[in-house]
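One structure is given here, and the rest of the page talks about it.
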Amino acid sequence: MVDSQYVLPNDIGIAPLDCEEAFRLLSVEERLYAHYLSRACWYGGLVVLLQTSPESPAIYVLLSRLFRAQDPARLGKLAQELGLSDEEYKVLNGQQLSSWEKLKQLVWGSQAFAEHPDEMEALWGSCGELMFSLKPRQKQLGLGDKVSPPTPTSSMAVDFLQGTGPFHLSDSMFRIIPKRIDNQTENIIMPLYKVMLRVHLDYCVQFWSPHLKKEIVKIEKVQRRPSPLTLGWLLGGRHGVWEPRDALPLGVRGLIRGLSRGSQFPHPTVSSLLADDDVRQTDGFKNVSLGNVLSVAYSTQKEKLTFLAEEDKDLYIKWKSPSFEVQVGLHELLGHGSGKLFVQVSSEEGAAWEKLQGKLVRSWYRGSETWDSKFSSVASSYEECRAECVGLYLCLNKEVLSIFDLHNADADDVIYINWLNMVRAGLLALEFYTPETHSWRQAHMQARYVILRVLLEAGGGLVSLKHTTGADGKPDALITLDHSKIISVGKPALEHFLCKLQVLKSTADVTGGRSLYEGYCAVTDDEPERFLTLRQTVLLRKEARKMFVQANTRLEGGDVALVQYEGSAAGLVRSFCERFPEDSEQLERHLLELANTDAHFWGSQD
Ligand SMILES: [Zn+2]
């Protein structure tokens with residue numbers, strides 16, 4: 001029996017990411033801007049394949065060739081002729097890969113193979129076996145712990161910047177960007193690291209040239225700066241802030257200021273938030289919520305609503321969306337947007353001394369120290385936790401809820417569902433914990449687990465978490481939240497915890513902050529919760545993440561047309577196949593060459 005953690009179910013949700021109305025509301029100029037920008041993003045996004053696993057580029061090219069030569073319907077017919085069941089064929093539509101032999105048979109029988117047998121055989125050779133492999137090292141994505149890039153030094157950086165070092169451009173991506181920054185080296189590394197991130201992005205731009213450059217030049221031609229509100233997902237900071245999560249170096253999620261064109265030009269974000277203390281501290285910030293993503297991602301069916309009592313489910317479905325709006329709004333604006341840091345602005349020692357909670361502030365940020373550099377590996381989740389706490393806390397305020405047009409009983413329901421959802425998220429978070437390495441893989445989910453622990457610790461019958469047995473006879477769990485205790489028990493507990501988080505953050509108290517936060521992050525099998533056992537239950541009952549079918553854009557005369565696809569596996573395949581209409585073959589060749597150049601970085605795959 002294959003571990004369900006590595007297999008996607010065949011009934012995984014596939015939904016179109018609707019943006020028709022938003023696109024229609026753009027002016028022609030803005031549409032052109034959005035078009036070129038998204039072209040550049042699609043090209044840049046392919047970099048991810050090179051950082052995911054050694055076989056990823058080959059899988060992408062293999063599937064791309066199969067489906068460009070024969071559309072999903074025709075390939076489906078072929079599968080039938082070859083004796084593959086419907087279930088087995090679904091395998092190919094980006095889903096469960098259960099049978100190596102069957103897939104191989106289909107590749108060999110395909111039109112793409114008939115046209116280029118040698119190339120297809122070579123592609124299969126590079127990925128066929130690896131994509132099914134569940135060997136320890138091969139079932140995980142990204143570089144393993146065995147492959148650790150050497151610690152970067154400033155001379156390496158200078159060599160790199162001057163182009164004199166022993167680096168191949170592609171080498172630098174692995175060698176210079178540290179995967180993890182430890183405490184001891186952070187002060188030396190951070191400034192260098194930021195330079196490197198910058199270099200990496202410039203490198204990404206060069207790397208995809210001419211594909212990407214072409215699009216960037218075109219964006220520049222569409223001079224006018226579009227209204228960020230109208231576009232909904234463009235973000236301009238002090239110099240323009242870019243968070244191209246999909247084209248960053250391995251394991252890095254970051255922000256680059258003044259990427260290339262300085263202040264006249266806004267840069268896009270693919271995520272919904274901006275989290276750079278430096279900008280926030282002095283200039284303020286902006287962020288966006290991607291409504292179309294949320295509405296698809298959170299349309300949960302009742303039967304898939306795990307770990308809730310029957311009587312909570314209808315209420316949950318009814319109020320999930322409004323409560324999410326409230327929580328996200330408060331999280332982003334008043335969570336990440338609040339909480340000044342004590343920063344030494346004068347060289348005079350002691351100049352930053354102030355009183356906090358009646359005590360003199362004894363520690364603060366000095367020189368080039370920042371939140372991220374001080375709190376390094378715990379910084380991002382800690383900050384998410386702080387923002388989540390702010391949301392949870394402020395949603396109790398009726399005046400705040402009235403801004404969201406929620407009053408009386410509705411406001412009470414939203415409070416209850418928002419808190420219930422946080423407790424449930426804290427439990428679901430266990431999916432993102434790896435017991436083997438005692439590590440968390442997702443900052444937000446880690447933060448929600450911490451909040452669940454805080455609310456459990458509050459006691460008083462506020463939250464209960466029970467191990468149960470489901471109707472199917474398998475382990476299950478049940479979460480309950482006592483609505484009447486939210487104000488009396490939950491609020492003071494949260495207030496107390498949030499205060500601690502904030503004070504430790506403001507005063508750059510790394511030791512105190514780490515020990516507090518890491519204490520709550522621990523996952524053990526201790527009574528009464530037995531979180532490690534609950535983790536198994538969560539994995540057993542997890543709902544696979546929905547896949548989004550994204551639109552393409554196409555130039556038509558002087559305007560841009562939006563090409564949408566149906567929300568099905570076939571729609572998903574078509575949207576990929578039509579993504580690079582002009583240069584897909586060239587692009588695929590380029591991708592394979594780069595994969596080849598990088599191959600030695602993956603080391604032994606045993
Ligand atoms: Zn956040």
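Here, residue 1 is the first one in the sequence, and each next residue gets the next number.
- Remark: Ser381 engages Gln446, Tyr517 in a side-chain hydrogen bond (donor to acceptor under 3.5 Å, both in side chains) (not counting sequence neighbours).
- Residues satisfying the side-chain contact (heavy atoms from CB on, under 4.5 Å) criterion with Ala493, sequence neighbours excluded, are Ala458.
- Rounded to the nearest 0.5 Å, atoms NE2 (His444) and NE2 (His331) are 4.5 Å apart.
- One finds no salt bridge joining Arg453 and Glu529 here, because no Lys/Arg side-chain nitrogen approaches an Asp/Glu carboxylate oxygen to under 4.0 Å.
- The aromatic rings of Phe497 and Tyr520 sit perpendicular, their planes meeting at an angle over 60°, well past the 30° parallel limit.
- How far OG of Ser338 is from CG of Leu394: 8.0 Å, rounded to the nearest 0.5 Å.
- In the model, Ser506 has a side-chain atom that pairs as donor or acceptor with a side-chain atom of Gln502 under 3.5 Å.
- No side-chain heavy atom of Leu452 sits less than 4.5 Å from a side-chain heavy atom of Met422.
- The distance from the CG atom of Leu455 to the CG atom of Leu481 is 8.0 Å, given to the nearest 0.5 Å.
- For Ser439, the side-chain contact (heavy atoms from CB on, under 4.5 Å) partners are Thr434, Thr437, not counting sequence neighbours.
- The closest side-chain heavy-atom distance from Phe531 to Thr524 is not below 4.5 Å.
- Remark: Gln442 engages no residue in a side-chain hydrogen bond (donor to acceptor under 3.5 Å, both in side chains) (not counting sequence neighbours).
- Between the side chain of Ser363 and the main chain of Ala508, no donor-acceptor pair closer than 3.5 Å is present.
- For the side-chain hydrogen bond (donor to acceptor under 3.5 Å, both in side chains) test, no residue two or more places apart in sequence or in another chain qualifies with Tyr365.
- A 4.5 Å side-chain heavy-atom check between Asp509 and Val503 finds every atom pair outside the cut-off.
- Looking only at distances, no side-chain donor or acceptor of Trp419 sits under 3.5 Å from a matching main-chain atom of Ile486.
- Inter-residue side-chain proximity for Val450 and Cys521 is flagged as met; some heavy-atom pair is nearer than 4.5 Å.
- Listed by chain and number, the residues in a ring-ring contact (aromatic ring centres under 6.0 Å, His included) with Tyr60 amount to none (sequence neighbours excluded).
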Report the C-alpha distance between Leu406 and Ile415 in whole Å, list the side-chain angles of each, state the deciding distance to 0.1 Å, and finish with yes or no for side-chain contact (heavy atoms from CB on, under 4.5 Å). CA-CA 10 Å; Leu406 295 162; Ile415 290 173; over 6 Å; no
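- Remark: the backbone N or O of Glu431 is paired with a side-chain donor or acceptor of Arg441 at under 3.5 angstrom.
- Residues satisfying the ring-ring contact (aromatic ring centres under 6.0 Å, His included) criterion with Phe404, sequence neighbours excluded, are absent altogether.
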Begin from the C-alpha positions of Cys395 and Val414 and carry the test side-chain contact (heavy atoms from CB on, under 4.5 Å) through to its verdict. CA-CA 8 Å; Cys395 84; Val414 163; 5.9 Å; no
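- Inter-residue side-chain proximity for Phe432 and Tyr449 is flagged as unmet; no heavy-atom pair is nearer than 4.5 Å.
- Residues forming a side-chain contact (heavy atoms from CB on, under 4.5 Å) with Ala425 (at least two apart in sequence, or on another chain): Arg448.
- With sequence neighbours left out, the salt bridge (charged side-chain N to carboxylate O under 4.0 Å, His left out) criterion links Lys398 to Asp412.
- In terms of the salt bridge (charged side-chain N to carboxylate O under 4.0 Å, His left out) criterion, residue partners of Glu518 (sequence neighbours excluded) are, by chain and number, Arg514.
- Residues passing the side-chain contact (heavy atoms from CB on, under 4.5 Å) test with Pro435 are Tyr433, Leu532, Arg535, sequence neighbours excluded.
- Summarising the geometry of Leu49 relative to Pro57, their closest heavy-atom pair is O-CD, 3.5 Å, with the distance given to 0.1 Å.
- Every residue was checked against the side-chain hydrogen bond (donor to acceptor under 3.5 Å, both in side chains) condition with Ser515, not counting sequence neighbours, and none meets it.
- Between the Ser376 side chain and the Ser373 main chain, no donor and acceptor come within less than 3.5 Å of each other.
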